[in-house]
Amino acid sequence: MQSVRQLSDEEETCQRAQMWGQRDTARRNAVLAHPAGCPRRLLTTALLLSLLLDPAILLLREHQDLPALDQNASLHVTFDPKTMTLRWDCRENITSGECLMTMHKENSRVKKGIKGKECRCTFQDHSLHGGVSFTVKVNIGQRWISETLVYSNPGVEGTAAQNFSCLIYNADFMNCTWAKGQAAPNDIQYFLYIRDSKKKIERECPRYLSDSGTHVGCHLQNISGLSFYSYFLVNGTSQKSGIQFFDSVLMLKEIERYNPPNNITVYCNESHCFIQWEKPRTRKTLSDREFQYQLDIQRQSNIRRSENQLIVVSGDLGNKYNFPSPHPRATHTLKMRTADARRAEWGTWSQPVQFGSSQGTAYSRRFHGSKTN
C-alpha cells in the first residue's frame with residue numbers, strides 16, 4: 001500500500017508541472033526542479049509556452065512597437081497673427097502630424113492635419129484676445145515630437161477697448177465704435193486695423209472718431225475691398241502702462257442694415273390698394289428671397305397709432321401687397337423698411353407715401369435710398 005501511494009504522488013506532481021507553464025513567473029523555478037517520473041520534453045514545452053504567453057512580456061513588446069513621445073526635442077514653433085500661420089523647424093523625415101489651436105476663452109479647439117513635409121499650419125481668422133494655445137505634434141522616424149506655444153494678450157487687464165461694434169449702412173459706408181477700457185490710463189490712444197479674411201490685406205482706419213482726443217470710432221466710406229468675413233483689431237498705446245488688444249471676426253452680411261425699398265408705388269381700385277416696390281441696393285447683390293419687408297399703414301383719422309398692425313411680407317412673394325380698402329376710402333400713409341430674411345434687424349423707415357384721397361384712384365410715390373455719410 002505504501003508503494004502504491006508513492007506512485008500516485010509522482011503522477012500528481014507531473015500533472016501540476018504541466019499546468020505551471022500557464023501560471024505566473026514565480027512558479028517557473030519549481031518546474032525546473034522537475035520530479036522523477038515526469039517527462040523532460042513535456043516540462044520544456046510547458047516552460048516555453050509560459051514565457052510566450054506571459055502578459056508582462058506581451059505588454060512590453062506592445063510598448064516597444066509604439067513610437068515614443070519626445071517632450072524634450074524642440075521644434076522652435078512660431079506664430080504670425082497677421083497670417084494666422086504656425087511654423088516650425090523643417091525635418092526631412094517627418095511622416096505625419098497635426099496642429100491644434102485651443103481658444104481659452106471659448107474653450108474650443110480647431111485641429112488641422114499636416115500634409116506631407118509641410119512645416120506650417122494656417123488657420124482661419126479667429127479672435128485671439130482671450131488667449132490661445134497652439135500645439136504641433138509630428139512623427140519623425142517612429143518618434144513623436146510635440147511642442148506647445150501659448151499666445152497671450154500682454155498688457156494690464158481692463159485696458160483693452162470694450163463694447164466694440166460695427167454697422168454697414170447705405171450699402172457703401174461702415175461705422176465702428178468702441179469705448180475706453182475701465183482700467184485704461186488717461187493718455188491711452190487706440191488704433192483700428194481691418195483685414196480681409198480672404199485676401200489677407202490689412203488697412204488702418206482712414207478716419208477716426210474721437211472723444212476728448214481719444215479714438216473711439218472709425219468711419220469708412222469705401223468697403224468694396226472687404227469680403228464675406230473680416231478681421232478687426234483694436235490695439236492701444238500709452239506711456240503709463242501696457243495696453244491689451246481687442247479683436248473680432250465679423251460676418252459683414254450680419255452687420256449690414258438695409259435701406260428702405262426703392263420705388264414704392266400704390267395703385268388703388270374700387271376695393272383694394274395695390275402696393276409694389278423694388279428691393280434696396282445692398283453691399284453685395286442679393287436675391288429677392290434674401291429680404292423681408294415691414295409695412296406700416298396708418299389711417300389719418302386714427303388718433304391711436306397702436307390700433308394699426310405692422311404687416312410683414314416675405315421677399316419671395318414678388319415685392320407686392322394687396323391692401324383691402326373699399327371706395328370711398330380715407331386718406332392713408334404708408335411707410336416701409338427692410339431686413340434680412342433670417343434676422344428681424346430692421347433698417348430705417350422710408351419716407352411716407354400718402355394714398356386714398358378723394359382726388360382720384362391712382363396714387364404713386366417713389367423713394368430712393370439716400371447716401372448720407
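Computation of the quantities below employed the complete heavy-atom set of this structure, encompassing side-chain atoms and omitting hydrogens, waters and symmetry-equivalent molecules.
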Tell me, do [X] and [Y] make a side-chain contact under 4.5 Å, heavy atoms counted?
X	Y	result
F274	C268	no
I243	I188	yes
R203	L220	yes
L128	P81	yes
V312	Q292	yes
K198	F228	no
F134	T148	no
V234	D247	no

Could you give all pairs that pass the disulfide bond (SG atoms under 2.5 Å apart) test and reach residues 129-175, with sequence neighbours left out?
->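 Listed once each, the pairs are C166-C176.
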Disulfide bond (SG atoms under 2.5 Å apart): pairs with one or both residues in residues 214-249, sequence neighbours excluded =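 Found C205-C218.
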For [X], side-chain contact (heavy atoms from CB on, under 4.5 Å) partners two or more places apart:
X	value
T348	P260
F191	Q189, Y193, E204, Y208, H215, N235, T237
S314	D316, L317
S325	C273, F323, R329, H332

Test of understanding: clusters of I, L, V, M, F, W, Y form through side-chain heavy atoms closer than 4.5 Å, transitively. Do [X] and [Y] belong to the same one?
X	Y	value
V216	I194	no
V249	M251	yes
W346	L286	no
V136	V110	yes

Strictly distance-based, threshold 3.5 Å: is any side-chain N or O of [X] a donor or acceptor partner for the main-chain N or O of [Y]?
X	Y	value
Q162	K180	yes
S227	D196	no
E256	I168	no
S96	N139	no
E147	V77	yes

Do D80 and T83 get their side chains close enough for a donor-acceptor pair, meaning under 3.5 Å?
->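 Yes, T83 and D80 have a side-chain donor paired with an acceptor closer than 3.5 Å.
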Is it true that the side chains of Q298 and D296 contain a donor and an acceptor less than 3.5 Å apart?
->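 Yes, because at least one side-chain N or O of Q298 sits under 3.5 Å from a partner of the opposite role on D296.
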May I have the step-by-step check of side-chain contact (heavy atoms from CB on, under 4.5 Å) for L86 and F123, ending in yes or no?
-> CA-CA 8 Å; L86 278 179; F123 296 91; 4.0 Å; yes
For the residue pair [X] and [Y], what are the closest heavy atoms and their distance?
X	Y	answer
H219	P206	O-CG, 3.9 Å
S197	Y231	OG-N, 3.9 Å
M84	H126	CE-N, 3.9 Å
K137	W144	CG-CE3, 3.5 Å
M174	I255	SD-CD1, 4.2 Å
R283	I223	CD-CD1, 3.5 Å

Between [atom1] of [X] and [atom2] of [Y], what distance do you get to the nearest 0.5 Å?
X	Y	atom1	atom2	answer
S350	L334	OG	CG	6.0 Å
L295	M336	CG	CE	4.0 Å
S127	F246	OG	CZ	6.5 Å
E157	Q182	CD	CD	10.5 Å
W178	Y190	CH2	OH	10.0 Å
N322	H272	CG	NE2	5.5 Å

Please report the C-alpha distance between T78 and L149 in whole Å, then the side-chain angles of each, then the deciding distance to 0.1 Å, and finally whether the side-chain contact (heavy atoms from CB on, under 4.5 Å) criterion is met.
-> CA-CA 8 Å; T78 60; L149 173 68; 5.5 Å; no
Would you mind writing out the side-chain donor-acceptor pairs for residues 100-107 within the sub-3.5 Å range, not counting sequence neighbours?
from, atom 1, to, atom 2, distance (Å)
H104, NE2, S133, N, 3.4
H104, NE2, S133, OG, 2.6
K105, NZ, H129, NE2, 3.4

Could you tell me which residues satisfy ring pair (Phe, Tyr, Trp, His ring centres under 6.0 Å) with [X], sequence neighbours excluded, listed by chain and number?
X	value
W277	Y293
Y151	F79
Y321	none
Y229	none

Return yes when atom CZ of R109 has more than 12 non-hydrogen atoms of other residues, nucleotides or ligands closer than 6.0 Å, and no otherwise.
->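 Counting neighbours around CZ of R109, 12 or fewer heavy atoms of other residues, nucleotides or ligands fall under 6.0 Å, so no.
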If you measure from the Lys or Arg side-chain nitrogens to the Asp or Glu carboxylate oxygens, is any gap between D187 and K240 under 4.0 Å?
->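 Not counted as a salt bridge, because no side-chain N and carboxylate O are separated by less than 4.0 Å.
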Does the distance from a Lys or Arg side-chain N to an Asp or Glu carboxylate O, for D172 and R281, drop under 4.0 Å?
->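 Yes.
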Let me know which of K284, K279, R342 forms a side chain to side chain donor-acceptor pair (under 3.5 Å) with E290.
->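 Answer to the side chain to side chain donor-acceptor pair (under 3.5 Å) test with E290 among K284, K279, R342: R342.
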Yes or no on side-chain contact (heavy atoms from CB on, under 4.5 Å) for F355 and I297, after CA distance, side-chain angles and deciding distance?
-> CA-CA 10 Å; F355 65 93; I297 303 175; 4.1 Å; yes
Checking side-chain contact (heavy atoms from CB on, under 4.5 Å) for the pair V353/T333: CA distance, chi angles, key distance, verdict?
-> CA-CA 5 Å; V353 175; T333 58; over 6 Å; no
Residues that R87 engages under side chain to side chain donor-acceptor pair (under 3.5 Å), provided they are two or more places apart =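 None.
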So which of K253, R337, R257 actually passes salt bridge (Lys or Arg N to Asp or Glu O under 4.0 Å) with E345?
->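 Option passing the salt bridge (Lys or Arg N to Asp or Glu O under 4.0 Å) with E345: R257.
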